[in-house]
K.L.:
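Please read through the structure below; I'll follow up with questions.
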Amino acid sequence: MNKPVVVSEETLTEPVVVADVAPAAAKAAGPAYLVLAGISVSHFLNDTMQSLIASVYPILKDTYALDFAQIGMITLAFQFTASLLQPVVGHYTDKKAQPYSLAVGMASTFFGLLLLSVAHQYLVILVAAALVGLGSAVFHPESARIARLASGGRYGFAQSVFQLGGSFGTSMGPVLAALIVVPFGQGSIAWFSSIAFLAILILWRIGRWYAPQITTKQAAAADTHPGAPSSRRVALALLVLVALLFSKQLYVSSLSSYYIFYLIDRFGVSTQAAQIYLFVFLAANAVGAFLGGPLGDRFGRKIVIWISILGALPFTLALPYAGLAASAVLSVAIGLIISSTTSSIIVFAQELVPHRFGMISGVFFGVAFGIGGLGAAVLGKLADHTSIEFVYQVCAWLPAIGLLAVFLPKLPRHVR
């Protein structure tokens, strides 16, 4: 664990510098495993509550006679809030650290769940989803910074541990919806506010660890490594990374939002059975997200990005034409492969823009994921005018965007 540095209240207004610019001895100490575990558990709890929204779509659709476009708008309300605010939150915390902002942000999720449990009008449902998105906007940029700070130099590993909690949390939503919300109805969503309260307690304790870990320095131009890419190549690389994460996130969003309806419409399975199939896909996503970071540390992030996105293409192309059992198998393969890219993309972006980890994490967690939410709304409209099967035939080509990885620069060895 890094040695605490006591700072005054005034110095917290200076740019925040995380562990990778600290002395080499801090890296030699290795990761702060307890902190990584705490932030991963918090990510698990946060994303469990987020995934609950998509998991209760069938209930909301039947209860309030919503069409697919309106379902997509709920996804948009949730993800657009996070998209709009995450880069802003990250940019602000780069300049002035907010150790307890994570606990405060989680309170928004707490109230959003309570509101969703009693919402009986479509507009109120949208507001509740937006409140949960607001909690996500505050959580992701600063928690990603804490994961890097606690990494001990193993950035890919730390990001994977962080992503593992979120991915498993996402996979738990359908299971909890099948076991609790479907039998007991919309009002049972209020029970999940207890999860938000537990997350608040954990994040408050992590905030106490984080506050003395902050080191500051006067704003100054960062030293440029002779082998580092130019500013123009950095800008191009960031655009490519956003496109790659967009392709991955939009495909995962299409399955998260509409896979249940696809299985019900095509194979006639029950809502609870469809939610279990969705859980299997999302659990595979969690495993893939964990494996991607260490593989990027070992073999290079660019190679992992290439393999994980393009490698999923044969399986996504086959999915719309497979039977029920084959669809389950293909969804596992897709989840394992396509989600292994997330950690490598985010760490690659952080290394392109050193000392702006909050902002860059906010951009990639917020903007790229928010674009995925906008895409989900468009896909819902497309499903209303065509069919849910046609949507999956179109989405099957999204991993082909992985060809853009050819434009990513080769980073100096010292930042890999």
Side-chain angles (χ1 to χ4, degrees), residues 79 82-83 86-87 90-91 140-141 144 148 155-156 159-160 163 222 224-225 227-254 285 288-289 291-293 295-314 316-317 334 337-376 378 394-416:
Q79 293 197 354
S83 170
Q86 282 197 43
H91 178 69
H140 283 101
R148 189 173 180 93
Y155 305 130
Q159 188 62 223
S160 282
Q163 293 293 334
T224 302
H225 189 274
S230 65
S231 58
R232 172 180 260 180
R233 290 216 66 189
V234 166
L236 176 62
L238 290 175
L239 289 175
V240 169
L241 290 173
V242 168
L244 295 177
L245 191 56
F246 161 75
S247 69
K248 176 263 179 184
Q249 187 61 22
L250 180 56
Y251 188 85
V252 172
S253 181
S254 72
N285 267 269
L291 295 176
L295 289 174
D297 286 339
R298 176 67 179 85
F299 299 105
R301 311 195 204 289
K302 187 173 180 179
I303 294 176
V304 172
I305 291 171
W306 266 106
I307 295 175
S308 61
I309 297 185
L310 280 179
L313 184 60
T316 60
L317 291 174
I334 292 169
I337 297 171
I338 202 169
S339 289
S340 63
T341 190
T342 305
S343 297
S344 291
I345 287 178
I346 292 175
V347 175
F348 199 110
Q350 290 173 338
E351 291 167 347
L352 285 170
V353 189
H355 316 320
R356 291 294 178 266
F357 301 120
M359 184 192 70
I360 207 65
S361 299
V363 167
F364 278 82
F365 280 117
V367 173
F369 287 11
I371 292 174
L374 178 60
V378 173
V394 172
C395 290
W397 292 96
L398 284 171
I401 296 178
L403 291 170
L404 292 175
V406 71
F407 295 107
L408 293 177
K410 182 178 180 180
L411 294 180
R413 181 172 295 274
H414 78 290
V415 296
R416 285 184 181 178

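All of these numbers come straight from a predicted model, not from anything done at the bench.
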K.L.:
Under the rule for side-chain hydrogen bond (donor to acceptor under 3.5 Å, both in side chains), what residues qualify as partners of Ser340, not counting sequence neighbours?
P.N.:
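Ser340 satisfies side-chain hydrogen bond (donor to acceptor under 3.5 Å, both in side chains) with no other residue.
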K.L.:
List the residues meeting side-chain hydrogen bond (donor to acceptor under 3.5 Å, both in side chains) with Ser344, not counting sequence neighbours, and say none if there are none.
P.N.:
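With neighbours one apart ignored, the set is empty.
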K.L.:
First locate atom CD1 of Ile303, then atom CZ of Arg298, and finally report the distance between them rounded to the nearest 0.5 Å.
P.N.:
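It comes to 10.0 Å.
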K.L.:
I need the Ile401 CD1 to Leu245 CG distance, nearest 0.5 Å.
P.N.:
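Reported value, rounded in 0.5 Å steps: 11.0 Å.
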K.L.:
Check step by step if side-chain contact (heavy atoms from CB on, under 4.5 Å) holds for Asn285 and Thr342.
P.N.:
CA-CA 10 Å; Asn285 267 269; Thr342 305; over 6 Å; no
K.L.:
Given side chains that start at C-beta, do those of Leu352 and Leu241 come closer than 4.5 Å, heavy atoms only?
P.N.:
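Counting from C-beta outward, Leu352 and Leu241 do come under 4.5 Å.
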K.L.:
I'd like to know whether Leu244 forms a side-chain contact (heavy atoms from CB on, under 4.5 Å) with Ile345, so could you lay out the CA-CA distance, the side-chain angles of the two residues, the decisive distance to 0.1 Å, and finally the verdict.
P.N.:
CA-CA 8 Å; Leu244 295 177; Ile345 287 178; 4.1 Å; yes
K.L.:
Partners of Ser247 by side-chain hydrogen bond (donor to acceptor under 3.5 Å, both in side chains), sequence neighbours excluded?
P.N.:
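Once residues adjacent in sequence are excluded, Ser247 has no partner under the side-chain hydrogen bond (donor to acceptor under 3.5 Å, both in side chains) criterion.
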K.L.:
Looking at every heavy atom in both Ile305 and Ala405, which two are closest together, and how far apart are they?
P.N.:
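Of all heavy-atom pairs spanning Ile305 and Ala405, the closest is CG2-CB, 4.3 Å.
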K.L.:
Taking side chain as C-beta onward, heavy atoms only, is Val406 less than 4.5 Å from Trp306?
P.N.:
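When only atoms from C-beta onward are counted, Trp306 and Val406 do touch, with a gap below 4.5 Å.
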K.L.:
Quick check for you: to the nearest 0.5 Å, what is the distance between Leu313 atom CG and Tyr251 atom OH?
P.N.:
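Reported to 0.5 Å precision, the distance equals 10.0 Å.
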K.L.:
For Leu398 and Thr316, what are the C-alpha separation, side-chain angles and deciding distance, and is it a side-chain contact (heavy atoms from CB on, under 4.5 Å)?
P.N.:
CA-CA 9 Å; Leu398 284 171; Thr316 60; over 6 Å; no
K.L.:
Considering all heavy atoms of both residues, which atom of Pro399 and which atom of Ile338 are nearest to each other, and what is their separation?
P.N.:
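Distance-wise, the nearest heavy atoms are CG-CD1, 4.4 Å.
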K.L.:
Between the side chain of Lys302 and the main-chain N/O of Leu408, is any donor-acceptor distance below 3.5 Å?
P.N.:
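Present.
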K.L.:
How close do Thr341 and Ser308 get, counting heavy atoms only, and between which atoms?
P.N.:
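What the structure gives for the nearest pair is CB-OG, 2.8 Å.
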K.L.:
Considering the options Leu236, Val234, Val240, which one meets the side chain to side chain contact (heavy atoms under 4.5 Å, CB included) requirement together with Leu238?
P.N.:
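Exactly one pass, corresponding to Val234.
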